[in-house]
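Inspection log for the structure reproduced underneath, given as structure tokens.
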2 protein chains.
Amino acid sequence: MDKYSSILSARFEKIYDWMIQEGIALVVLEDTEARRDQNIRWLTGHPGDALLMLSAERKAALVAWDVNLAKLYAAQSPAAIVSYNDFERKPVKAIFAIAQKLGIPSGSKIEIPSVTPYPVFLDYVGELTNFDILCRDSGAASEMRKLRAVKDDSEIAITRKAALITNKLIDSLEKNVRSGKIKTEADAALFIELEARKAGCEGTSFGTLAAGPQRSYAIHAFPNWTNAPFGGQGLSILDFGVKLGGYCTDVTLTFARDLNPKQEKLVSMVEKAAKLAVQMAHNETRARDIAAAVDAFFAKSKKKMPHSLGHGLGLQEHEYPILRNSDENEWALAPGMIFTIEPGLYDPLLGGCRLENDILITEKSHEVLTTARIIRL
Amino acid sequence: MDKYSSILSARFEKIYDWMIQEGIALVVLEDTEARRDQNIRWLTGHPGDALLMLSAERKAALVAWDVNLAKLYAAQSPAAIVSYNDFERKPVKAIFAIAQKLGIPSGSKIEIPSVTPYPVFLDYVGELTNFDILCRDSGAASEMRKLRAVKDDSEIAITRKAALITNKLIDSLEKNVRSGKIKTEADAALFIELEARKAGCEGTSFGTLAAGPQRSYAIHAFPNWTNAPFGGQGLSILDFGVKLGGYCTDVTLTFARDLNPKQEKLVSMVEKAAKLAVQMAHNETRARDIAAAVDAFFAKSKKKMPHSLGHGLGLQEHEYPILRNSDENEWALAPGMIFTIEPGLYDPLLGGCRLENDILITEKSHEVLTTARIIRL
């Protein structure tokens, strides 16, 4: 068994153990256009459009729309590959057949995804009458997302590689904006697209947000980039990430040119907030305390950040832990967690400024994996 | 009232009428990262991250995360703009406050999105105890999606413009692949990205799928494009669309070079299937009959298409009607419907071939809006 196979098998074993403890006979995961779930990729390597079913008897079936693709990507997973087209791409048909094949006893608990819409849940209950259908927030998918919040060595290694590619891109972007080679939002966005793929990435981890001075006041510029000027007088925001072997980075640069004192103040506050937050990132720190510290820092100057301070990164661009200032946020940092810290302030007249880097929590402290910065032109 | 305002108001009025008929006091729509819903854009012009609530008293509130963006895009809608951050971006809090503000009587029916996950539905029911919470497939969102299946004149006009941009792109792509200016999947994908935005589009309507001869056998190539060669010996697939003012096109070209007889046969069957299907597209034709005719045509040569024949196009890249060969598919074509016809065949050894164009149903017949074709190099 090679290394990747044993990593995947170990993940399955954890879920099987959890299932037995919970008394669940079959877990169903779904990754389709309507409801994406990166847990299937995490378990099998298969990148999309499939169901995955795991039985308490430690057997699994990957029901893939594109069987050729599954054979390529999920070959090292312990799950048997089955064609979704054999069941007319209908989840209930597939579940019924696989439950039978895996010998799930009548009356057993089958857990379906927690994101299953209420009307679909009623269909499942109505059609799979021989089973006890569970659909709950704190179920299998949530358990997997929690496990995924702490990255293993192979995940940290690939994220480090993705961060190196990101950092090279940051340097090239700075150089090209300074030299005038990148003059528009489109120049910046397309440069990132091409260089990421040249470096072996699957692509960007989300649609690059490139917003020149006229548009940077928006939290998420719409459209995400245009042919408008970038890097001119005022504040330009560039928020992007790359996806390597499934794993995401996510950084934001702000380019600042010829700022007035109010803009200068905005930028300096964001820089200070980022520094403050990163310094607090240690094993066992409560995530909400960091977010609260940044909110308090901004509040002293009567500023308010309209979004959370950060979020975990992995197979999805938004994962656990959540860095949000909310009483319900129970997340504490732990070694192996990788997340963003991204303070930002936005003003319709001054423009926007955000500074976002990716942080890895280590046993002793933390590492800032990326080199995003405010670039003064 | 200008033209766009009256179009939006007319859409609200249709929904208000439907609500009164159904006895629903408040309809809640949600467009957030976890659950996208283009109905909010259709009603207000606002492109994303918001809740929209409509009351049977013919009042509406757009609860937007980015209020600046909402003021820019939803200014002509009859909905009042409110900040989502005022409710800590929590749907239940927002619904509770807006229901109070709009004077929804205790005991009334409130309809939440049909895609609401079962556990979230339970939360709503638990917290909004004064109301009767409805969550059903055939509710407000479904009614809107059905209305959206038939485009009005303004929607047809903008889709025609998007199709013209697409057709120019097709001609340039053919020219540049022939001249050797486009040599890789990346060349093709980035050319489309840039030209679409230069022409005033928001972007592409989905991630371009560019698959050279080594990768074209996949239904949806993964990754969607790489730095691999494109347009060499064999079959290369290019599946893309543009998004103009929110409205999508979706076409697929196949580039064919130096084919062997088996590849030639595959291509010629796909071309014939496309012709057969387009000819059948008329007012009142059942969508499933067209899909069944194509499946039967392929079956004569023992071939099987692993996906549906087509789908509606509009604010989403996949809308009603559905062109799928299934007994449950009740869709009949009607004037104003815009959809794709996209037969395809895929073989791990020969490669893949798909031909996809966008069709508008007219009173008398149909128009093929796009000029995608098999390009023999």
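Every heavy atom of this structure was used, including side-chain atoms; hydrogens, water molecules and symmetry mates were not. Quick note on labels: first sequence line is chain A, next is B, and so on, each numbered from 1. Just so it is clear, the structure is predicted and the values come from calculations on it, not from any experiment.
A:Leu190 touches chain B through backbone and side chain together, each having a heavy atom under 4.5 Å away. Heavy atoms closer than 4.5 Å to chain A are found nowhere in B:Tyr346, neither backbone nor side chain. For A:Phe121, the part lying under 4.5 angstrom from a heavy atom of chain B is the side chain only. When heavy atoms are compared at a cutoff of 4.5 Å, B:Glu328 approaches chain A solely by way of its side chain, counted from C-beta outward. Neither the backbone nor the side chain of A:Leu122 comes within less than 4.5 Å of any heavy atom in chain B. Residue B:His307 touches chain A through both its backbone and its side chain, counting heavy-atom pairs closer than 4.5 Å. When heavy atoms are compared at a cutoff of 4.5 Å, A:Arg35 does not approach chain B at all. Both the backbone and the side chain of B:Ala218 come within less than 4.5 Å of a heavy atom of chain A.
Close approach to chain A, defined as a heavy atom under 4.5 Å from one of its heavy atoms, is seen in B:Asn85, B:Glu88, B:Arg89, B:Lys90 of residues 84-94 of chain B, taken by number.
Under a 4.0 Å N-O distance rule, the pair B:Arg354/B:Asp239 qualifies as a salt bridge. Using a cut-off of 4.0 Å between Lys/Arg side-chain N and Asp/Glu carboxylate O, B:Lys243 and B:Glu202 are scored as not salt-bridged. Salt bridge status for B:Lys303 with B:Asp295: absent, with no side-chain N to carboxylate O gap under 4.0 Å. In summary, A:Arg136 and A:Glu111 engage in a salt bridge, as defined by a charged side-chain N under 4.0 Å from a carboxylate O.
Chain A forms more heavy-atom pairs under 4.5 Å with one residue of B:Pro348, B:Pro306, B:Gly48 than with any other, namely B:Pro306. Interface remark: of the candidates A:Asn227, A:Ile219, A:Val67, A:Asp49, A:Ile219 forms the most heavy-atom pairs closer than 4.5 Å to chain B. Comparing B:Arg36, B:Glu33, B:Lys304 by heavy-atom pairs within less than 4.5 Å of chain A, the highest count is held by B:Glu33. The most heavy-atom pairs under 4.5 Å with chain B, out of A:Leu69, A:Leu194, A:Thr226, come from A:Leu194. In terms of non-hydrogen atom pairs under 4.5 Å with chain B, the most contact-rich of A:Ser83, A:Pro119, A:Pro223 is A:Pro119.
A:Thr340 places no side-chain N or O within donor-acceptor distance of the main-chain N or O of A:Glu342, the cut-off being under 3.5 Å. B:Thr204 places no side-chain N or O within donor-acceptor distance of the main-chain N or O of B:Gly207, the cut-off being under 3.5 Å. Side-chain N or O atoms of A:His311 include one that pairs as donor or acceptor with a backbone N or O of A:Glu317 at under 3.5 Å. Side-chain atoms of A:Arg197 come within 3.5 Å of backbone N or O of B:Trp225 as a donor-acceptor pair. The backbone N or O of A:Gly310 sits nowhere less than 3.5 Å from a side-chain atom of A:Ser308 that would complete a donor-acceptor pair. When atom types are taken as modelled, the side chain of B:Arg288 and the backbone of B:Asp327 share a donor-acceptor pair closer than 3.5 angstrom.
Among pairs with a residue in residues 207-219 of chain B, those fulfilling side chain to side chain donor-acceptor pair (under 3.5 Å) read B:Glu185-B:Arg215, at least two apart in sequence or across chains.
For the 3.5 Å distance criterion, the side chains of B:Thr184 and B:Asp187 qualify, holding a donor opposite an acceptor.
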